[in-house]
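Not measured: the values here are computed from a predicted model. In listed order, ligands and their atoms are each counted from 1.
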Amino acid sequence: MDLTGIGMTSQRTRERLIGRLMERGISDEAVLDVIRNTPRHIFLDEALAHRAYEDTALPIGFSQTLSQPYIVARMTELLLERGRPKKVLEIGTGSGYQCAVLAQLADQVFSVERIRPLQQKARQRLNLLKLHNVRFKHADGGFGWQENGPYDAILSAAAPEAVPEELTNQLAVGGRLLMPVGDQQTQQLIMIERTEDGLEQQVVEAVRFVPLLAGVLS
Ligand code: SAH
């Protein structure tokens, strides 16, 4: 993992990605700044690193993908609309990229991943970036991470067919949950907010994520 050098890390290449995100409607300056300054190429294998600043999802092994920058930005922007979250729960650490973005915009991030080798690499990358406000758990994130809740924000990068009740139960009043819901053909990004009166649900847009799977892989 290399934080320096080579052309792909150039400011111009990253700036092109920021321009593209703005064209697609991302306007939160804090989110754009964090994406501008987070080296996405260290979250990929070397052979794919040259594509790191394209606005596209990319493979990270184990049939999983690093999410598209646009959707990372969109989900993060929606989570921040209610102010800086103190505690964020992330389901599906994957490469750790979304996690690194969140760690720079929230006080504390709790990230759950079911595939241990992905989690281990993600942990190394976050250390390299000196982002120390993240705790990792190797578990089925469909159950959340009860001990540390309730959370001001919950974000999932994997799609269940229905939102697990365990997750909405771990949402603080005023907190927001963002997750893709659906099967492998049709998914929608859902936003659920917990108010004093209960849960309010909104559809954000059509998306395509990997499925939320049960159990863990060592
Ligand atoms: N945000 C990640 C995206 C990774 S893809 C990134 O920026 O790279 C989604 C991840 O969710 C995969 O790593 C997959 O293993 C994980 N996942 C799927 N089902 C899960 C579950 N039940 N619990 C925890 N992680 C899960």
Side-chain angles (χ1 to χ4, degrees), residues 1 17 21 31 34-35 38-45 48-49 51-79 88-106 109-126 128-129 131 134-146 148-149 151 153-168 170 177-184 187 189 207-218:
M1 284 185 271
L17 171 62
L21 297 181
V31 173
V34 164
I35 291 184
T38 303
R40 192 169 182 254
H41 62 278
I42 70 160
F43 294 87
L44 291 161
D45 286 341
L48 278 172
R51 300 190 56 196
Y53 301 97
E54 292 175 18
D55 187 22
T56 173
L58 291 165
I60 55 172
F62 302 90
S63 310
Q64 304 304 319
T65 55
L66 198 175
S67 310
Q68 181 188 7
Y70 165 72
I71 205 71
V72 169
R74 186 87 182 104
M75 290 171 94
T76 310
E77 183 172 76
L78 288 166
L79 288 184
V88 180
L89 173 66
E90 181 190 37
I91 317 295
T93 317
S95 69
Y97 177 70
Q98 168 85 70
C99 188
V101 168
L102 290 170
Q104 296 171 77
L105 294 162
V109 180
F110 299 86
S111 190
V112 186
E113 170 57 57
R114 64 182 288 275
I115 302 178
R116 196 186 289 280
L118 288 179
Q119 183 200 35
Q120 285 167 338
K121 270 198 199 168
R123 191 195 294 272
Q124 288 171 8
R125 291 166 176 143
L126 276 279
L128 183 71
L129 295 178
L131 296 171
V134 180
R135 284 178 59 195
F136 297 94
K137 183 178 180 178
H138 178 230
D140 180 343
F143 299 100
W145 192 345
Q146 173 105 38
N148 301 303
Y151 300 94
I154 300 178
L155 182 151
S156 174
E161 300 217 345
V163 178
E165 209 175 305
E166 285 88 346
L167 294 184
T168 48
Q170 292 172 34
L177 175 149
L178 272 146
M179 79 189 308
V181 177
D183 54 32
Q184 280 313 285
Q187 291 172 13
L189 179 61
V207 287
R208 182 176 275 257
F209 279 86
V210 296
L212 186 85
L213 299 173
V216 294
L217 270 184
S218 290

A.B. asks: Specify the protein heavy atom at minimum distance from atom 6 (C) of ligand 1: its residue, its atom name, and the distance to 0.1 Å.
C.D. replies: Ser95 OG, 3.5 Å
A.B. asks: Determine whether the side chain, the backbone, both or neither of Gln64 has a heavy atom under 4.0 Å from any heavy atom of ligand 1.
C.D. replies: side chain
A.B. asks: Distance check, rounded to the nearest 0.5 Å: Leu48 atom CG versus Ile60 atom CD1?
C.D. replies: 11.0 Å
A.B. asks: What protein heavy atom lies closest to atom 23 (N) of ligand 1? Include the residue and the distance to one decimal.
C.D. replies: Gly141 N, 2.7 Å
A.B. asks: List the closest protein heavy-atom neighbour of atom 11 (O) of ligand 1: residue, atom name, distance to the nearest 0.1 Å.
C.D. replies: Gly92 CA, 3.1 Å
A.B. asks: Measuring from atom CG of Leu118 to atom CG of Leu217, what distance do you get when rounded to the nearest 0.5 angstrom?
C.D. replies: 9.0 Å
A.B. asks: Give the residue and atom name of whichever protein heavy atom lies nearest to atom 5 (S) of ligand 1, and the separation in Å to one decimal.
C.D. replies: Thr65 O, 3.0 Å
A.B. asks: Could you check whether any heavy atom of Ala139 sits closer than 4.0 Å to an atom of ligand 1, since that is the contact criterion I want to use?
C.D. replies: yes
A.B. asks: At the 4.0 Å heavy-atom cut-off, does Val72 count as touching ligand 1?
C.D. replies: no
A.B. asks: Quick one: look up the protein heavy atom nearest atom 7 (O) of ligand 1 and list residue, atom name and how far away it is.
C.D. replies: Gln98 N, 3.2 Å
A.B. asks: What atoms of ligand 1 come closer than 4.0 angstrom to any heavy atom of Asp140?
C.D. replies: 21 (C), 22 (N), 23 (N)
A.B. asks: Mind checking whether Ala157 has an N or O less than 3.5 Å away from an N or O of ligand 1?
C.D. replies: no
A.B. asks: Heavy atom under 4.0 Å from ligand 1: found in Leu212's side chain, backbone, both, or neither?
C.D. replies: both
A.B. asks: Crowded around Glu165 CD? As in, over 12 foreign heavy atoms under 6.0 Å?
C.D. replies: no
A.B. asks: At a 4.0 Å cut-off, with the gap strictly under it, does some heavy atom of Pro211 reach an atom of ligand 1?
C.D. replies: yes
A.B. asks: Among protein heavy atoms, which sits nearest to atom 22 (N) of ligand 1, and what does the distance come to when rounded to 0.1 Å?
C.D. replies: Leu213 O, 2.6 Å
A.B. asks: Any side-chain donor-acceptor pair under 3.5 Å between Gln64 and Ser95?
C.D. replies: no
A.B. asks: Which residue holds the protein heavy atom closest to atom 25 (N) of ligand 1, what is that atom called, and what is the gap in Å?
C.D. replies: Arg114 N, 3.4 Å
A.B. asks: In the protein, what heavy atom is nearest to atom 15 (O) of ligand 1, and what distance, to one decimal place, separates them?
C.D. replies: Glu113 OE2, 2.6 Å
